[in-house]
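Worksheet: the structure to be examined is printed underneath.
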Amino acid sequence: MSKVAAARRNGRIRRHRRVRKKIHGTAARPRLAVFRSNKHLSVQVIDDDLGTTLAAASTTEADVRAAGSTASVAAATKVGELVAERSKAAGITTVVFDRGGFAYHGRIAAVASAARDAGLEF
């Protein structure tokens, strides 16, 4: 890993720790955590009290991969819709959004807006 890449990764991890000081998911209002890589996007609904994942969606799933590129805003929108319908099936209607230290822009914002449009409250 180059020095520039290491500095960016360490900066994101510092931002994520700073955000996680304030955000805590409970059973009543779990945390919607987003992780973004260069190729894929992973979203989980997490109850931090129990340490369990209640619902999840990712661009590594077959139906999302078949739709085309996994590193696009369209794929992020599909993942946001999937996680919203899966969390509603699990009885979750309100979540707290954890952007994971990433900028609220592009794919991260697309996940959030798609989940809101599909019925999750932030």
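Side chains are part of it too, since the values below use all heavy atoms of this structure and drop only hydrogens, waters and symmetry mates.
- With rounding to the nearest 0.5 angstrom, the CG atom of Leu120 is 13.0 Å from the CZ atom of Arg86.
- Put simply, the side chain of Val95 does not reach to within 4.5 Å of the side chain of Ser87, judged on heavy atoms.
- Under the side chain to side chain contact (heavy atoms under 4.5 Å, CB included) criterion, Asp63 pairs with Glu61, Leu82, sequence neighbours left out.
- Among Ile46, Asp48, Val96, the single residue meeting the side chain to side chain contact (heavy atoms under 4.5 Å, CB included) criterion with His24 is Asp48.
- Between the NE2 atom of His16 and the CD1 atom of Ile23 there is a distance of 8.5 Å, given to the nearest 0.5 Å.
- Phe35 and Val45 fall within a single hydrophobic cluster, where Ile, Leu, Val, Met, Phe, Trp and Tyr are joined by side-chain heavy atoms under 4.5 Å apart, directly or via other members.
- Side-chain contact check for Arg15 versus Arg12: some heavy-atom pair is nearer than 4.5 Å.
- Contact annotation: the side chain of Arg20 approaches that of Asp98 to within less than 4.5 Å [non-hydrogen atoms, C-beta and beyond].
- Using a 4.5 Å cut-off between side-chain heavy atoms of Ile, Leu, Val, Met, Phe, Trp and Tyr, with links allowed through other members, Val79 and Tyr104 fall into the same hydrophobic cluster.
- In this structure, OG1 in Thr94 is found 11.5 Å from CG in Leu32, a value given to the nearest 0.5 Å.
- Judged as a side chain to side chain contact (heavy atoms under 4.5 Å, CB included), and not counting sequence neighbours, the contacts of Ala5 are Met1, Ser2.
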Under 3.5 Å, side-chain donor or acceptor atoms of residues 50-60 against the rest of the protein: list the pairs with distances, not counting sequence neighbours.
residue	atom	partner	partner atom	Å
Ser58	OG	Leu41	O	3.2
Ser58	OG	Thr60	N	3.2
Ser58	OG	Thr60	OG1	3.1
Thr59	OG1	His40	ND1	2.9
Thr59	OG1	Leu41	N	2.9

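- The aromatic rings of Phe97 and Phe122 lie parallel to each other, their planes meeting at an angle below 30°, with 60° marking the opposite boundary.
- Contact between Val73 and Ala110 at its shortest, heavy atoms only, is CG1-CB, 3.6 Å.
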